Asker: 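Here's a structure for you.
First listed ligand is number 1; within each ligand, the first listed atom is number 1. Since the model is a prediction, treat every value here as computed from it, not as a measurement.
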Amino acid sequence: MPQLFTPSANKLPLWIALALGFVLAVAAAVTAYHLWGPKPYAPEQPIAFSHATHMQKAGMNCLACHSSALHAAKAGVPDSRSCLDCHKHILPDSPKLARLHASANPDSPGYTGEPIRWNKVNKLAAHVQFDHSVHVNRGVGCSTCHEGIERQDRTTAIPDMSMSWCLNCHRSPYGIRPLEEIDNPEYRDNPELSDRLIEQWKIDPGTNCNTCHH
Ligand code: HEC
Ligand code: HEC
Ligand code: HEC
Ligand code: HEC
Ligand code: HEC
């Protein structure tokens, strides 16, 4: 079979080596990007609060702690006294909760009453107006904007809070869901239902500059 030994066939191993080298170089670049590239902001907090633990082990939903999102601009962070409803009984002696008891539990020996100052994770520029309630009451779910928080041990910022992120959805709204699903992180987007709700609720977000900038 002389065809097998044509000059081009002789180069086959070389091509394979080059292709393999290329694949390895791409893999190395991707790994390096993940290790050393820009990371979404996730500040350390005064108490190592984990959304993953509370969603999975305590079976809570988002609005149990962030109910202001339904009727105010800010979703807010719960008062530390509400944490004690559970933590007077759940892991009451955990060193990870000492700071909580010092802040909110007058019966604890280390009580100081000093509030817990959570570090802000998401921060829009002051010239932008954002309001949770206008979104949440129009079927834009928490997980559409804060995807994956329910799996995080340390809360991470929305990776892209740019103007084009807002405008993409305002120009052609997506992910609209029934209101009873609003804080269900397992909800899977249903584009047909979303389109129907957009019609039914006459959803038409503004795109003029003064919608978001005053
Ligand atoms: C047990 C109460 C609790 C539950 C349940 C809960 N959160 Fe939180 N959330 C907190 C606390 C406390 C903080 C502040 C500490 C931190 O940032 O991790 C916080 C912070 C956040 C932040 C960042 C705040 C900032 O500074 O920008 C977002 C976004 C958020 N939660 C969304 C959610 C979503 C979405 C859900 C449901 C999937 C949820 N939370 C469920 C208590 C809770
Ligand atoms: C349309 C996108 C969007 C939706 C939907 C949304 N958020 Fe937010 N969220 C944001 C943005 C943007 C910020 C930063 C706001 C700022 O800096 O003023 C934020 C900030 C927060 C914060 C920090 C505290 C505050 O109020 O600024 C919490 C907590 C939070 N969101 C929880 C939730 C929860 C819980 C839901 C669902 C009930 C939800 N968000 C739905 C975009 C969204
Ligand atoms: C509905 C009950 C409930 C509420 C309310 C609640 N937690 Fe928890 N928390 C739990 C459960 C359940 C665990 C996991 C217990 C386990 O690992 O066995 C937990 C674990 C923790 C831990 C880890 C402790 C350790 O030693 O591993 C911290 C820290 C914590 N919670 C902080 C908070 C804070 C802060 C709040 C208020 C914003 C809060 N929790 C509100 C039920 C709750
Ligand atoms: C996933 C879709 C989505 C994203 C992302 C989103 N919005 Fe909206 N926005 C909506 C919907 C839907 C409404 C409600 C429109 C209605 O009631 O007709 C709305 C309403 C608003 C309103 C009230 C005025 C109006 O036009 O109804 C403001 C202000 C606003 N959004 C600002 C923002 C800003 C700022 C951001 C980015 C930080 C943002 N939105 C991101 C979907 C979105
Ligand atoms: C749906 C909301 C929305 C609308 C509509 C909107 N913007 Fe923005 N704008 C934003 C957000 C969000 C940012 C980024 C803020 C940040 O970085 O924290 C921004 C940032 C900006 C900035 C600062 C530079 C930059 O790119 O970060 C300028 C200037 C600006 N917008 C001008 C405009 C003008 C002019 C219009 C009308 C043509 C407009 N915006 C419409 C939400 C909006």
Asker: Near atom 8 (Fe) of ligand 2, which protein N/O/S atoms fall under 2.8 Å?
Answerer: H132 NE2, H146 NE2
Asker: If the cut-off is 4.0 Å to any non-hydrogen atom of N61, which atoms of ligand 1 fall inside it?
Answerer: 5 (C)
Asker: Around atom CD of Q200, are there more than 12 heavy atoms of other residues, nucleotides or ligands at under 6.0 Å?
Answerer: yes
Asker: Need the ligand 3 atom indices (1-based, order shown) with element for anything under 4.0 Å from a heavy-atom of I47.
Answerer: 29 (C)
Asker: Would you confirm whether R138, through its side chain, and P205, through its main-chain N or O, come within 3.5 Å as a donor-acceptor pair?
Answerer: no
Asker: To the nearest 0.1 Å, how far is atom 16 (C) of ligand 1 from its closest protein heavy atom, and which atom is that?
Answerer: T155 OG1, 3.3 Å
Asker: Look at atom 42 (C) of ligand 2 and say which protein heavy atom is nearest, naming residue and atom and giving the distance to 0.1 Å.
Answerer: F130 CZ, 3.4 Å
Asker: Could you check atom 12 (C) of ligand 2 against the protein and tell me its nearest heavy-atom contact, residue, atom and distance included?
Answerer: M161 SD, 3.5 Å
Asker: Using heavy-atom distances only, which candidate in T156, V121, T144, L100 approaches atom 25 (C) of ligand 1 most closely?
Answerer: V121
Asker: Around atom 8 (Fe) of ligand 3, how many protein N/O/S atoms fall inside 2.8 Å?
Answerer: 2
Asker: If the plane angle is over 60° it's perpendicular, under 30° parallel, otherwise tilted; pick one for H87 and H54.
Answerer: perpendicular
Asker: Are any side-chain N or O atoms of Q45 and backbone N or O atoms of F49, one a donor and one an acceptor, separated by less than 3.5 Å?
Answerer: no
Asker: Checking contacts here: is it the side chain or the backbone of M55 that comes within 4.0 Å of ligand 1, counting heavy atoms only? Could be both or neither.
Answerer: side chain
Asker: In terms of residue, atom name and distance, what is the protein heavy atom nearest to atom 28 (C) of ligand 1?
Answerer: I149 CD1, 3.6 Å
Asker: Taking the side chain as C-beta and beyond, is there a heavy-atom pair between K96 and S50 under 4.5 Å?
Answerer: no
Asker: Quick one: closest heavy-atom pair of V121 and A157, and the distance?
Answerer: CG1-N, 3.4 Å
Asker: Given P43, P185, C65, which has its nearest heavy atom closest to atom 4 (C) of ligand 1?
Answerer: C65
Asker: Please could you name the atoms of ligand 2 that K120 approaches to less than 4.0 Å, counting only its heavy atoms?
Answerer: 27 (O)
Asker: Please state which protein non-hydrogen atom is closest to atom 24 (C) of ligand 2 and give its distance, to 0.1 Å?
Answerer: G76 N, 3.9 Å
Asker: Looking at non-hydrogen atoms alone, which of Q45, M60, K96 comes nearest to atom 23 (C) of ligand 3?
Answerer: K96
Asker: Does the side chain of N190 come within less than 4.5 Å of Y187's, by heavy atoms?
Answerer: yes
Asker: Quick check: is I116 connected to L97 through a chain of hydrophobic side chains (ILVMFWY, heavy atoms under 4.5 Å apart)?
Answerer: yes
Asker: Does V77 approach ligand 2 within less than 4.0 angstrom via side chain, backbone, both or neither, non-hydrogen atoms only?
Answerer: neither
Asker: Enumerate the atoms of ligand 3 whose separation from the nearest heavy atom of P78 is less than 4.0 angstrom.
Answerer: 38 (C)
Asker: Any side-chain to backbone donor/acceptor pair from H213 onto H127? Under 3.5 Å, distance only.
Answerer: yes
Asker: Non-hydrogen atoms of D183 versus ligand 2: any pair closer than 4.0 Å?
Answerer: no
Asker: Side chain or backbone of K123 under 4.0 Å from ligand 2, or both, or neither, by non-hydrogen atoms?
Answerer: backbone
Asker: Do T155 and I149 make a side-chain contact, defined as non-hydrogen atoms from C-beta onward lying under 4.5 Å apart?
Answerer: yes
Asker: So which heavy atom in the protein is nearest atom 17 (O) of ligand 2, and how far is it from that ligand atom?
Answerer: L124 N, 2.9 Å
Asker: Look at the side chain of N119 and the backbone N and O of E44, then say whether any donor-acceptor pair between them is shorter than 3.5 Å.
Answerer: yes
Asker: Just jot down the ligand 3 atoms closer than 4.0 angstrom to any heavy atom of A48, in number order.
Answerer: 29 (C)
Asker: Quick one: does E147's side chain get under 4.5 Å of I158's, heavy atoms only?
Answerer: no
Asker: Could you identify the N, O or S atom of H51 positioned closest to atom 8 (Fe) of ligand 1?
Answerer: NE2
Asker: For ligand 2, which atoms, with element, lie under 4.0 Å from some heavy atom of G141?
Answerer: 5 (C)
Asker: Of the non-hydrogen atoms in R99 and P115, which two are nearest, and what is the gap between them?
Answerer: NH2-O, 3.4 Å
Asker: Give me the residue, atom name and distance of the protein heavy atom closest to atom 38 (C) of ligand 1.
Answerer: C62 SG, 2.7 Å
Asker: Could you check atom 15 (C) of ligand 1 against the protein and tell me its nearest heavy-atom contact, residue, atom and distance included?
Answerer: W118 CE3, 3.3 Å
Asker: Mind checking whether L197 and L193 have side chains closer than 4.5 Å, heavy atoms only?
Answerer: yes
Asker: Looking at N137 and L70, would you say the former's side chain and the latter's main chain have a donor-acceptor pair under 3.5 Å?
Answerer: yes
Asker: Within ligand 2, which atoms have a heavy atom of L63 less than 4.0 Å away?
Answerer: 38 (C)
Asker: Starting from atom 26 (O) of ligand 3, which protein heavy atom do you reach first, and at what distance in Å?
Answerer: S94 OG, 2.6 Å
